[in-house]
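Basis for what follows: all heavy atoms, side chains included, without hydrogens, waters or symmetry-related copies. Every value quoted in this text rests on a predicted model; they were computed, and no experiment measured them. Proteins come first, then strands; the chains are lettered A, B, ... in the order of their sequence lines, and each starts at number 1.
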2 protein chains.
Amino acid sequence: MAGVSISTVSRVINNSKPVQDDLRKRVLDVMEQTKFRPNTIAQNLAKNESNLIGVMLPEVKNTVLDELIHGINHVSRIYGYNTMLSLTGGTLENELHYFNLFRGIQADGIILASDNLKGELIELIELSGIPCILVGRDAHSASIPSVHVDNITAAYEAVTYLIQQGHRRIAMIRARSGDVASGDHRFEGYRMALAEAGIPLARDWIVESGITVEDGIEAMRKIRESRSMPTALFCATDRIAIGAMHDLMENGLRIPDDVSVVGFDGIDMSAMIRPKLSTVKYSASEIGMTAARNLIKRIRGGEVSPRHWCVSHYLETRDSVRSI
Amino acid sequence: MAGVSISTVSRVINNSKPVQDDLRKRVLDVMEQTKFRPNTIAQNLAKNESNLIGVMLPEVKNTVLDELIHGINHVSRIYGYNTMLSLTGGTLENELHYFNLFRGIQADGIILASDNLKGELIELIELSGIPCILVGRDAHSASIPSVHVDNITAAYEAVTYLIQQGHRRIAMIRARSGDVASGDHRFEGYRMALAEAGIPLARDWIVESGITVEDGIEAMRKIRESRSMPTALFCATDRIAIGAMHDLMENGLRIPDDVSVVGFDGIDMSAMIRPKLSTVKYSASEIGMTAARNLIKRIRGGEVSPRHWCVSHYLETRDSVRSI
DNA sequence: CTGAAAGCGCTAACAC
DNA sequence: GTGTTAGCGCTTTCAG
């Protein structure tokens, strides 16, 4: 329509080479008038890059993840990348599926939160050659960089705080083993703190659970039904803690008078419930930003050796713990 | 590697035409051993379709949206579609941007929650010819089908309930006008209920606010500082309600003794806070499933005339309202 | 049933 | 500066 060659059109679209003003104008006019948009997919195919970063998360049920995503989006945008998100539900099958989907649309890099970084998934990632970065959990495999809070230390500090407040009968509702961050590592911190204080682990007071509010309710019920009650409870996530508090209060126990509770994550609701929940806080958006920044560095051929970054954390003490 | 032509490989990948067993096996073996995956993007380019549904949401800060997404994913998967999500922050600029991004990767259809369905955006959508469906809010424009709860009626019922409990001094924290669902429509329901009961609107008791917990705190403060206090409060979202309750309790007011509160959405936290929040509930996953189902029908050339679907709602009465 | 060849919409040398 | 041409990785006629 503009009476020019395809290449010229391509050049004005990409500003890749100089084009005479009148030709450029003719092209632009036609584009405007036909509302033409270049087909990204074909561009990507031809260029073998997409300026697209894929994000794979198991779910988005708490505010922390929204912050994480915003952190990622923020720096991605600055560097000219778009992001696209998919929810995997945490299953290996879905993770493989979505990884291939991202691969298919030529994603330049992928940020993922997964507990299945081994076997098939890790093979696929390495084979694909797509730069990846793990968020939220410490990497099993050294081949993939990661950004996360120091879950072990943070949990250790939270439980140590409880011990300092005079508690020795401390239960923990942990996430399932296999759930790296909130399961294994936060439990490890709990174990270390108790060990250091010479407190033996009490089987009845360690219950494995999902990470949702409902799971917390269920898990708390199990602890209540055990032979004796703890005076304090450390929960792997705030949602678990909120569920547990719900169960306790429904059953006539007072917080923190009867049992003290500490959570992990610092979701916004932790400050809204009563009593306000003491919890381990950290900046999820910082995780997102750091991840995006370093992923992009790798995409652009920066450092290759995988590193692991920790963002800072602190215990926000509120009203759910008493000293005895 | 398998000693066959490209076409044959394509045929075994797609099962599009019969291939002799031994050839098929040779191809499959090589695919397995090289971990070969077809390049989706090139497939799409050649086929001019992607089996991809784009989802555009402003944010994912509450459990309702997680449910919504899962609803969408669930039925999409059944029909062989993949989904990809992008967070727009609710700004027109981002919505245009991501829409074009989805268009670029040849998304077959798009599910979106937007309050900017007019002017540029609607033009772009119509021009692109991509089937779209709106979730969460009633469509301005008749040209785009939508799935949502009947916000006006639901809000009307919630406020009418308050009136039945003997309240006449009823405040509302509404979302901003322009925010179709939680702003305009839920306010309209409030207005109708009061009008029907012959209660005049009190300017001081209607405050416009964002939809987050923090916004709720801020808005409640404004109401507290007005000349006189209401006995009841209707909030456009549960998060607002939770923030408002926080502010009230921080300032020594009791719920429901001093003021009754009703929320909207039925997020999981509404049952966790104390007192438990009475709120309008509905199934977000049903919205997601209905949207996906009908979008796919449109993609496949089913009915063209846009329709609007409502999912059912009900008022879950809990402990945050007293009768006077 | 199988291979050769054209083409999806675009970019990137390569000539002029 | 601009047009021509060869792909990007795949699907789909079209012959055989």
Exercise. Below 4.0 angstrom from OP1 or OP2 of dT11(D), is there any side-chain N or O of Ser10(B)?
Worked result: yes
Here the pair of heavy atoms bringing Ala107(B) nearest to Gly54(B) is CB-N, 4.3 Å
Side-chain atoms of Arg11(B) come closest, of dT11(D), dC14(D), dG3(D), to dC14(D)
Donor-acceptor pair, Asp265(A) side chain versus Thr237(A) backbone, under 3.5 Å? no
Check your understanding: With a non-hydrogen cut-off below 4.0 angstrom, is Ile6(B) in contact with a base, only sugar-phosphate, or nothing?
Key -> base
Taken to the nearest whole Å, CD1/Ile13(B) to P/dT12(D) is 12 Å
Closest of dG9(D), dT11(C), dT11(D) to the Lys47(A) side chain is dT11(C)
Query raised in the report: After noting the C-alpha distance and the side-chain angles of Ile130(B) and Ile125(B), does the key distance pass the side chain to side chain contact (heavy atoms under 4.5 Å, CB included) rule?
Result: CA-CA 7 Å; Ile130(B) 300 177; Ile125(B) 292 176; over 6 Å; no
- Is there a donor-acceptor contact under 3.5 Å from the side chain of Arg26(A) to the main chain of Ala2(A)? yes
With no angle test and no hydrogens, is the base of dG1(D) tied to the side chain of Arg24(A) by a donor-acceptor pair under 3.5 Å? no
Among the nucleotides dA4(C), dT4(D), dG9(D), whichever has the atom closest to the side chain of Ala46(B) is dG9(D)
- [ ] State whether Gln20(A) places a side-chain N or O below 4.0 Å from either non-bridging phosphate oxygen (OP1 or OP2) of dG1(D).
- [x] no
Whole-Å distance, Asn51(B) CG to dT11(D) P, equals 12 Å
Winner on side-chain proximity to Ser7(A), out of dC10(C), dA12(C), dT12(D), is dA12(C)
Gln43(A) CD to dG7(D) C1', in whole Å, measures 16 Å
Whole-Å distance, Asn44(B) CG to dC10(D) P, equals 11 Å
Indicate yes or no for a side-chain donor-acceptor contact from Ser50(B) to the backbone of Asn44(B) under 3.5 Å, with no hydrogens or angles considered.
no
Taken to the nearest whole Å, CD/Glu49(A) to C1'/dT11(C) is 11 Å
Separation of dT2(D) atom C1' from Asp22(A) atom CG, nearest Å, is 12 Å
Between Ala42(B) and Thr8(B), the residue closer to the 5' end of DNA chain C by nearest nucleotide is Thr8(B)
For Ser143(A) and Glu126(A), the nearest pair of non-hydrogen atoms, with its separation, is OG-OE2, 2.9 Å
Rounded to whole Å, CG of Leu45(A) lies from C1' of dT11(C) at a distance of 10 Å
Taking every heavy atom of Phe102(A) against every heavy atom of Val55(A), the minimum-distance pair comes out as CZ-N, 3.8 Å
The bend of the helix from dC1(C)-dG16(D) to dC16(C)-dG1(D), taken between the axes of its five terminal pairs at each end and rounded to 10°, is 40°
Separation of dC8(D) atom P from Gln106(B) atom CD, nearest Å, is 20 Å
Taking dG7(C), dG3(C), dT4(D) as options, the one with an atom nearest any side-chain atom of Val4(B) is dG3(C)
*Base, sugar-phosphate alone, or nothing: which one does Asn48(A) contact when heavy atoms must sit under 4.0 Å apart?*
nothing
With the side chain defined as heavy atoms from C-beta on, Lys17(A) is closest, among dC10(D), dC14(C), dG9(C), to dC14(C)
(Q) Hydrogens and angles aside, do Thr8(B) and Ser5(B) bring a side-chain donor and acceptor to less than 3.5 Å of each other? (A) yes
Among dC14(D), dT2(D), dC10(D), the one nearest any side-chain atom of Phe36(B) is dC10(D)
Heavy atoms under 4.0 Å, any strand shown: does Asn14(A) hit a base, just sugar-phosphate, or nothing?
sugar-phosphate
